[in-house]
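Quick note on labels: first sequence line is chain A, next is B, and so on, each numbered from 1.
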Number of protein chains: 2
Amino acid sequence: MSTTDSPRWLDPEQMRSWLRLQAVIGLLPGLLDQQLRRDAGLTHFEYLTLAMLSEAPGRELRMSALAQRTNATLPRLSHVVRRLEERGLVARSTAPDDKRATVARLTAAGWEKVVASAPGHARTVLETVYDDLDATEVGTLNTVLDKMLAHIDPHDTFGIGPATGPRAARRP
Amino acid sequence: MSTTDSPRWLDPEQMRSWLRLQAVIGLLPGLLDQQLRRDAGLTHFEYLTLAMLSEAPGRELRMSALAQRTNATLPRLSHVVRRLEERGLVARSTAPDDKRATVARLTAAGWEKVVASAPGHARTVLETVYDDLDATEVGTLNTVLDKMLAHIDPHDTFGIGPATGPRAARRP
DNA sequence: CCTCCATGGTTGACGAAACAACTATACCGG
DNA sequence: CCGGTATAGTTGTTTCGTCAACCATGGAGG
């Protein structure tokens with residue numbers, strides 16, 4: 001590797017923005033995790049897993065589909081779903097049409113858990129992120145995030161491309 | 001707790017923005033970590049630690065000051081600095097004026113490490129975050145992030161308040 | 001059919017982070 | 001001075017995520 005080719009650097013304004021973005025990235029996940037852990041006894045990722053299942057048809061998804069929607073690796077999801085199953089919030093079963101595949105289904109208790117914890121989570125997101133932003137700022141934020149994602153996630157792993165219609169998650 | 005008081009929810013535009021923000025928060029740290037791990041053999045947090053030391057007067061800081069600048073808890077920093085010391089990149093010594101305190105100092109090898117890995121890191125940040133943003137968008141992003149941080153980090157843990165002057169990090 | 005490879009998922013080992021307990025120094029009031 | 005409390009870090013424990021094998025099923029080619 002050549003260490004000499006055009007060592008670009010951030011300009012002052014970019015650097016100021018970068019410090020703030022790092023702060024948000026560093027602190028926001030912890031806040032969300034803390035709130036959910038305290039009020040619902042769930043990790044943010046566990047909540048996300050349950051939430052994605054709650055919005056799926058039949059409240060069930062194959063592991064690989066669930067992994068994509070939660071942006072997790074398959075091993076990680078496997079561990080988490082096993083713990084959730086031990087707590088009775090989801091149930092696993094092999095898919096009838098492909099015996100390699102596993103489908104995770106939300107149990108009644110899991111559904112109740114999501115319903116109970118969703119409002120508090122939404123409230124936290126609103127308070128920490130959106131309360132002081134007007135519609136214009138949200139729009140610009142959206143544009144900016146889209147441009148970032150074009151580089152960060154070129155293959156649209158999340159399934160939220162720029163062409164996103166009203167596909168957004170709804171209250172369960 | 002009353003589960004009935006005004007269950008606010010995200011409006012569709014906020015939800016679309018939130019999905020994107022979650023994606024960025026979920027994917028960006030991994031990318032930065034990967035690049036630094038591959039090219040420099042450093043965690044993003046390890047790099048941040050060395051970088052903060054490299055910008056401090058005398059290239060040394062007390063643990064608590066370093067913890068604040070890197071947004072880490074003291075236990076976490078303690079472990080990381082121990083590993084960095086074992087690799088010869090930093091050195092620890094008790095402060096002469098307060099024998100409770102420990103100062104972490106960047107060694108020559110640590111300095112070289114920062115100098116060698118900073119350009120690649122900057123390049124990654126520029127490519128993944130700022131390459132497609134014009135000055136206006138960066139400005140709005142800055143405003144938006146500031147408003148978030150007012151809620152997320154009310155006590156300005158990072159030391160980057162809204163009144164930030166040209167205090168930004170420079171190339172080491 | 002039967003072999004070979006790809007796919008879907010699980011398991012186990014390891015590294016790192018959060019949390020709690022502990023040590024040692026400093027400071028404050030009497 | 002001397003006891004009590006606060007401060008600065010470190011150490012140990014548990015938990016979570018990542019990585020590298022590892023099964024099992026499905027599908028394609030001979």
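- Counting only distance, with no hydrogens or angles, the side chain of B/Ser17 and the backbone of A/Val138 share no donor-acceptor pair below 3.5 Å.
- Here the C1' atom of nucleotide D/dG9 and the CD atom of B/Gln68 are 16 Å apart, to the nearest Å.
- In this structure, the CG atom of A/Asp97 is 9 Å from the P atom of D/dG26, given to the nearest Å.
- Rounded to whole angstrom, the span from the CG atom of A/Asp98 across to the P atom of D/dG27 amounts to 7 Å.
- Set against D/dT10, C/dG9, D/dT18, the side chain of A/Ser64 has C/dG9 as its closest nucleotide.
- The distance between atom CD of B/Glu85 and atom C1' of D/dT10, rounded to the nearest whole Å, is 12 Å.
- When each of D/dT25, C/dA26, D/dG9 is scored by its nearest atom to the side-chain atoms of B/Ala101, the top-ranked nucleotide is D/dG9.
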Derivation of the side chain to side chain contact (heavy atoms under 4.5 Å, CB included) call for A/Gln34 and A/Leu31:
CA-CA 5 Å; A/Gln34 216 175 348; A/Leu31 282 186; 4.1 Å; yes
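- Between A/Arg92 and C/dT10 there is a side-chain N or O to OP1 or OP2 distance below 4.0 Å.
- The phosphate of D/dC19 (OP1 or OP2) has no side-chain N or O of A/Thr73 nearer than 4.0 angstrom.
- For B/Met63, taking side-chain heavy atoms from C-beta onward, the closest of the listed nucleotides D/dG9, C/dG9, C/dA20 is D/dG9.
- Below the 3.5 angstrom threshold, one finds a donor paired with an acceptor across the side chain of B/His79 and the base of D/dG12.
- Between A/Arg100 and D/dA24, a side-chain N or O to OP1/OP2 separation shorter than 4.0 Å is absent.
- Partner A/Met52 forms a side-chain contact (heavy atoms from CB on, under 4.5 Å) with one of A/Thr49, A/Leu50, A/Leu48 and no other, that one being A/Leu48.
- Checking B/Asp132 against A/His151 by side-chain atom types alone, a donor-acceptor pair falls below 3.5 Å.
- For A/Lys99, taking side-chain heavy atoms from C-beta onward, the closest of the listed nucleotides D/dG26, C/dT25, C/dG9 is D/dG26.
- Atom C1' of nucleotide C/dA17 and atom NE2 of B/His44 are separated by 16 Å, given to the nearest angstrom.
- Rounded to an integer number of Å, the gap from CG of A/Leu77 to C1' of D/dC16 is 14 Å.
- Between B/Ser78 and D/dT11 there is no side-chain N or O to OP1 or OP2 distance below 4.0 Å.
- Applying the 4.0 Å criterion to OP1 and OP2 of C/dA17, one finds that B/Arg83 has a side-chain N or O inside that range.
- Computed from coordinates, the A/Arg62 CZ to C/dT7 P distance equals 14 Å when rounded to whole Å.
- Comparing A/Gln34 and A/Leu74 by the nucleotide of DNA chain C that holds the closest heavy atom to each, the one mapping nearer the 5' end is A/Leu74.
- The backbone N or O of A/Ala51 lies less than 3.5 Å from a partner atom in the side chain of A/Ser54, making a donor-acceptor pair.
- Rounded to whole angstrom, the span from the CG atom of A/Leu42 across to the C1' atom of D/dT15 amounts to 16 Å.
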